[in-house]
Amino acid sequence: MTTLFISDLHLSAERPDITACFLRFMAEETHHIDALYVLGDLFEMWIGDDEDSPFLQQVKHAFKTLTDTGTPCYFIHGNRDFLIGKQFSRQTGIALLPQHTVVDLYGTPTLILHGDTLCIEDQAYQRYRKKVHNPVIQWLFARLPLSYRVKVGDKFRSNSGKNNQTKSQSIMDVTQAEVVRVMRDAHVTQMIHGHTHRPDIHDLDINGIPAQRIVLGDWYDHGSVLVYRSDGYQLETRDFSASNTK
């Protein structure tokens, strides 16, 4: 009885090492699991479901191979791939979940999310997030020529990197009070998220009750997987040059 969680892979054709590690993970580690959850930023950038390439076909095939076996796979949008839509879901068999979703992990109600909504001190990002999640803006963007959307995506990636270099680490991290508020409102004592690229397990207190926040790691230097079993869980890494290195 095992459920796997991953996030922040930032897959792109420019990083074949990450893609190879991901494909190896899908081929070797997803057999006989209960479910796979992808908590956002699967891709470095997603400009629309109509984009297709040999790289994307590989990724889609890996997911479709898994879901065709009957193993459920779930996805929560990240800040880089919030435009993933129903076409991608149909092509892969992945079920798209709301940005905040409570799941039952072997008897423990757990709130899962990407994590960017918890970073409320980064006010500039939260203003940007509100704009790009506007359905009207997304509808208009999807109807622009693919070549133009590629240029917009490239510009966004460049600007995002420059902006993050000028922000303090504390601003880009989650706000503790917001974590507590969100968990309290969801009536849970366990949360799993990504986004911050700071894998760790944090103990906290929700109205006098012990609680935990599990943060998934990114895949920039190695793979990162939360292996959650009915008798416990562990954050593990996967080496790019060899399979199943923990």
Side-chain angles (χ1 to χ4, degrees), residues 1-97 112 114-115 150 153-154 157 192-195 197 199 214-229 233-246:
M1 300 179 67
T2 301
T3 298
L4 302 178
F5 292 84
I6 57 176
S7 74
D8 299 285
L9 286 77
H10 293 262
L11 296 174
S12 71
E14 290 75 28
R15 287 293 306 268
D17 53 343
I18 301 178
T19 304
C21 186
F22 164 72
L23 294 176
R24 191 164 56 239
F25 162 78
M26 293 294 289
E28 297 179 358
E29 299 191 51
T30 58
H31 300 291
H32 310 299
I33 64 172
D34 293 324
L36 171 65
Y37 288 87
V38 184
L39 302 190
D41 283 2
L42 172 64
F43 296 100
E44 174 68 8
M45 182 60 60
W46 190 263
I47 59 172
D49 285 5
D50 56 333
E51 184 184 13
D52 205 12
S53 67
F55 153 70
L56 290 176
Q57 290 172 12
Q58 277 188 307
V59 176
K60 292 176 184 177
H61 177 72
F63 281 116
K64 191 65 166 61
T65 299
L66 173 63
T67 58
D68 278 350
T69 67
T71 300
C73 183
Y74 304 98
F75 177 81
I76 290 180
H77 293 95
N79 55 293
R80 296 298 187 104
D81 48 21
F82 57 87
L83 291 175
I84 284 180
K86 294 179 180 178
Q87 181 177 329
F88 180 82
S89 177
R90 289 192 299 268
Q91 291 171 341
T92 60
I94 294 177
L96 305 181
L97 298 177
I112 60 173
H114 177 58
V150 170
D154 289 342
R157 290 168 61 180
I192 301 173
H193 71 83
H195 180 65
H197 301 189
I214 305 170
V215 186
L216 308 178
D218 64 67
W219 287 52
Y220 286 150
D221 300 316
H222 51 249
S224 182
V225 184
L226 171 62
V227 181
Y228 200 111
R229 299 186 176 91
Y233 52 83
Q234 185 173 348
L235 287 166
E236 301 178 353
T237 60
R238 301 291 183 268
D239 192 84
F240 283 167
S241 61
S243 61
N244 295 339
T245 299
K246 301 180 181 179

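All residue numbers refer to positions in the sequence shown, counting from 1.
- At least one side-chain heavy atom of F240 sits under 4.5 Å from a side-chain heavy atom of I18.
- Between F43 and I84 there is a side-chain heavy-atom pair separated by less than 4.5 Å.
- Taking every heavy atom of both residues into account, E51 and K60 meet most closely at O-NZ, 3.9 Å.
- Heavy atoms only, all atoms of each residue included: W219 and C21 are closest at CZ3-SG, 3.7 Å.
- Going from atom CG of N79 over to atom NE2 of H195 covers 5.0 Å, rounded to the nearest 0.5 Å.
- If you look at F63 and H61, their ring centroids are not closer than 6.0 Å.
- With salt bridges taken as basic N to acidic carboxylate O contacts below 4.0 Å, one links R238 and E29.
- Counting only heavy atoms from C-beta outward, the side chains of H193 and V215 approach each other to under 4.5 Å.
- No donor-acceptor distance shorter than 3.5 angstrom exists from the side chain of D218 to the backbone of D8, with no hydrogens or angles considered.
- Contact detail for A13 and P16: the closest heavy-atom pair is O-CD, 3.8 Å.
- Contact annotation: the side chain of V38 never approaches that of I94 to less than 4.5 Å [non-hydrogen atoms, C-beta and beyond].
- A distance of 10.5 Å separates OG in S7 from CZ in F75, rounded to the nearest 0.5 Å.
- Between the CG atom of L66 and the NE2 atom of H31 there is a distance of 9.0 Å, given to the nearest 0.5 Å.
- With values rounded to the nearest 0.5 angstrom, I6 atom CD1 is found 9.5 Å from T30 atom OG1.
- Using cut-offs of 30° and 60° on the angle between ring planes, the pair H10 and Y220 is tilted.
- T19 is not listed as a side-chain neighbour of L9, based on a closest heavy-atom distance of 4.5 Å or more.
- The aromatic rings of F25 and F22 sit tilted, their planes meeting at an angle between 30° and 60°.
- Put simply, NE2 on H114 and CG on L97 are 14.5 Å apart, with the number rounded to the nearest 0.5 Å.
- Between L226 and L4, every side-chain heavy-atom pair lies at or beyond the 4.5 Å cut-off.
- Side-chain contact between E44 and R80: present, with at least one pair of heavy atoms (C-beta onward) separated by less than 4.5 Å.
- Here CZ of F5 is found 9.0 Å from CG of L36. Values are rounded to the nearest 0.5 Å.
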**OP:** Apply the test side-chain contact (heavy atoms from CB on, under 4.5 Å) to residues L56 and W46: give CA-CA distance (whole Å), side-chain angles for both, the deciding distance (0.1 Å), then the verdict.
**Re:** CA-CA 10 Å; L56 290 176; W46 190 263; 3.7 Å; yes
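- No donor-acceptor pair under 3.5 Å is formed between the side chain of D81 and the backbone N or O of M45.
- Nearest heavy-atom pair across H77 and F82 is CD2-O, 3.4 Å.
- Counting heavy atoms from C-beta on, the side chains of T67 and T92 never come closer than 4.5 Å.
- Nearest heavy-atom pair, I214 versus L235, reported as atom, atom and distance to 0.1 Å: CG2-CD2, 4.3 Å.
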